[in-house]
Protein chains: 2
Amino acid sequence: MPKLGAEPIRRAALVKATIETVGEAGSLEVTVAQIARRAGMSSALAHHYFGSKEQIFLAAMRSILTLYGAEVRGALATATGPEARLRAIVAGSFGVGSFRREVISAWLNFYVLSQTQPEARRLLHVYQRRLRSNLRHELRPLVGSRAEAVARGLGALIDGVYIRAALAEGAPDRRYALKIVTEYLERELEGKA
Amino acid sequence: MPKLGAEPIRRAALVKATIETVGEAGSLEVTVAQIARRAGMSSALAHHYFGSKEQIFLAAMRSILTLYGAEVRGALATATGPEARLRAIVAGSFGVGSFRREVISAWLNFYVLSQTQPEARRLLHVYQRRLRSNLRHELRPLVGSRAEAVARGLGALIDGVYIRAALAEGAPDRRYALKIVTEYLERELEGKA
DNA sequence: TTTTTTGTTGATTGACGAGTCAATAAACTT
DNA sequence: AAGTTTATTGACTCGTCAATCAACAAAAAA
């Protein structure tokens, strides 16, 4: 029963289902059929819209990165001054949308995918660069020449906290994650002014 | 042509080949046949000694974690005093044996495996706890009540630096990795004494 | 109303890969 | 010498899964 204009809805449903399925399975070794079933359609339809499993994964990854970017931008919107903006970037990185079990787990898996998949790698690089550039920009007036190193450290720490959250049992603790990264930031800023 | 006492040699060869294969492929989706070929034997023999692919992976993971532990202990052997010991732990974490392309990549993949595989998870937990406990122990006299938080931060940062190295192209830069983590440590220690 | 476009799926294909097995052979035991 | 244990592999089984296809249905266009 074709309701026209199904394509965008189907695609979105598949992307959502992919993140959930990969997140729950904790692995990319999920079948297109599993994803499709969760999204309420046949695997044939999933192939019809995305062409291949690879493309489904890439779409899911884009979705995660877009969500992440949106949360950072959202947090940044109301922040003025370098320190506030740095805090906003960090807070945005642990936003309620991104810092969720399945999303974290899916993110980790897509991270691994980036080792093999050129396009996945590209996507990840774009976001890493953007984050580092944002951090560096706000850090410059506060820590001068150390900006680059601190930006890299913060980036790595954020990744590290994510990866650990992926392995921890129970719901990931946003507050605690935030605290760790924020304290790092504060230590680095201490000798400022 | 059975040379007796082949078992330990074969097992070691398979473990080594597994790390190399997984590291190069950047994925756990490698076949037992690939691993076995690289180790110079048939896939049947690999199954004969390990029983299953899963067991092969676990053996490889144990090997990585054992190597890591050995490097940390090695660095610790000559260090006296909390600060020197902390530096040793960090340095050991980026030892020449562990902080190598294939090993890092394999490590990342086994990390992901830990989301699914109970035994892999257990192994990782053991090592994470040991690291944190070591760090905490040396941190206590230096930062007091902050020891726990700093230990967690350091652990996460080390993981984060590893994970980023997995994605970076070219040979991983030990010196730079070490610098980032060491500086974090120094900042935390600054207000000491 | 015929035709085209869009949506949808069950069934099938084709490849691949983990794990098993039977067979072969060299060494070691009795 | 006969029997047992250890080493080793080619061939095979069996399941799984990505991807394709033929076919059907409803809406839109002609």
Side-chain angles (χ1 to χ4, degrees), chain A residues 1-22 24-61 106 109-110 112-113 116-120, chain B residues 1-22 24-61 106 109-110 112-113 116-120:
Chain A
M1 313 96 185
K3 311 127 194 178
L4 281 221
E7 177 153 2
I9 289 118
R10 293 302 203 184
R11 289 186 101 102
L14 280 168
V15 162
K16 180 160 178 277
T18 302
I19 294 168
E20 288 169 5
T21 308
V22 169
E24 265 180 34
S27 160
L28 292 177
E29 277 162 68
V30 297
T31 68
V32 173
Q34 279 166 25
I35 295 170
R37 186 164 357 110
R38 184 172 216 127
M41 73 194 81
S42 71
S43 67
L45 194 54
H47 275 103
H48 174 64
Y49 282 126
F50 280 101
S52 72
K53 191 182 183 176
E54 189 170 70
Q55 291 303 316
I56 299 178
F57 280 164
L58 288 175
M61 195 172 160
N109 278 282
F110 290 136
V112 171
L113 181 65
T116 346
Q117 249 292 314
E119 176 63 8
Chain B
M1 312 93 187
K3 308 124 191 178
L4 281 222
E7 176 152 4
I9 289 117
R10 293 302 203 184
R11 289 187 102 100
L14 280 168
V15 163
K16 179 160 178 277
T18 303
I19 294 168
E20 288 169 3
T21 308
V22 169
E24 265 181 33
S27 160
L28 293 176
E29 278 162 70
V30 297
T31 68
V32 173
Q34 279 166 26
I35 294 170
R37 188 166 354 115
R38 184 173 215 125
M41 73 194 78
S42 72
S43 67
L45 194 54
H47 275 105
H48 174 65
Y49 283 125
F50 280 100
S52 72
K53 191 181 180 176
E54 189 168 68
Q55 291 303 316
I56 299 179
F57 280 164
L58 288 174
M61 195 172 160
N109 279 284
F110 290 136
V112 171
L113 182 65
T116 345
Q117 248 293 313
E119 176 63 7

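In this text the structure is predicted, and so the values were computed from the model without any measurement. Below, chains carry the letters A, B, ... as their sequence lines are ordered, and counting in each starts from 1.
In this entry the distance linking CD1 of B:Ile9 with P of D:dT6 reads 15 Å, nearest Å. Rounded to whole Å, atom C1' of C:dG17 lies 15 Å from atom CG of B:Leu28. Atom C1' of nucleotide D:dT16 and atom CD of A:Gln34 are separated by 11 Å, given to the nearest angstrom. Rounded to whole angstrom, the span from the CG atom of B:Leu45 across to the P atom of C:dC21 amounts to 17 Å. Summarising the geometry, the separation between NE2 on A:His48 and C1' on C:dA11 is reported as 18 Å, rounded to the nearest angstrom. To the nearest angstrom, C1' of C:dT8 lies 16 Å from CZ of A:Phe50. We find that CD of B:Glu7 is positioned 10 Å from P of D:dT8, with the value rounded to whole Å. Regarding B:Gln55, its CD atom lies at a distance of 15 Å from the P atom of C:dA18, rounded to whole Å.
Interatomic distance, OH of B:Tyr49 versus CD of B:Glu7, reported as 5.5 Å (0.5 Å rounding).
Inter-residue side-chain proximity for B:Phe57 and B:Asn109 is flagged as unmet; no heavy-atom pair is nearer than 4.5 Å. For the pair B:Phe110/B:Leu28, a side-chain contact is recorded, criterion being any heavy-atom separation below 4.5 Å from C-beta on.
Ranking C:dT8, C:dG17, D:dT8 by closeness to the B:Thr31 side chain, first place goes to C:dG17. The nucleotide whose nearest atom lies closest to any side-chain atom of B:Lys53 is, among C:dT9, C:dA18, D:dC17, C:dA18. Ranking D:dA19, D:dT9, C:dT9 by closeness to the A:His47 side chain, first place goes to D:dA19. Checked against C:dG19, D:dT9, D:dC17, the side chain of B:Met41 finds its nearest nucleotide in D:dT9.
For A:Arg38, the side chain to side chain donor-acceptor pair (under 3.5 Å) test picks out A:Glu20, A:Glu24, with sequence neighbours left out.
The two residues B:Leu14 and B:Ala39 come nearest to each other via the heavy atoms CD2-CB, 3.9 Å. In plain terms, the two heavy atoms of B:Val22 and B:Ala106 that are nearest each other are CG1-CA, 4.0 Å. Taking every heavy atom of both residues into account, A:Met41 and A:Ala46 meet most closely at SD-N, 4.4 Å. Between B:Ala59 and B:Val15, the shortest heavy-atom distance links the atoms CB-CG2, 3.8 Å. Residues A:Ala120 and A:Leu58 come closest through the heavy atom pair N-CD2, 3.7 Å. Shown here for B:Thr18 and B:Ala60, the closest heavy-atom pair between the two residues is CG2-CB, 3.8 Å.
Heavy-atom distances to DNA chain D give each of B:Ser43 and B:Gly5 a nearest nucleotide, and the one nearer the 5′ end belongs to B:Gly5.
Using a 4.0 Å heavy-atom cutoff across all strands shown, A:Ser42 reaches at least one base atom of the nucleic acid. Within 4.0 Å of B:Ala6, counting heavy atoms only, lie sugar-phosphate atoms of the nucleic acid but no base atom. B:Ser52 comes within 4.0 angstrom of sugar-phosphate atoms only, judged by non-hydrogen atoms across all strands, and of no base.
Looking at residues 10-17 of chain B, you'll see B:Arg10 sit with a heavy atom under 4.0 Å from some atom of DNA chain D.
Dashed line: the shortest gap from a side-chain N or O of A:Tyr49 to OP1 or OP2 of C:dT8 is under 4.0 Å.
Pairing analysis of DNA chain D (Watson-Crick: purine N1 to pyrimidine N3 plus N6-O4 or O6-N4; G-U wobble: N1-O2 and O6-N3; both under 3.5 Å) yields stems of 3 or more pairs at C:1-30 with D:1-30.
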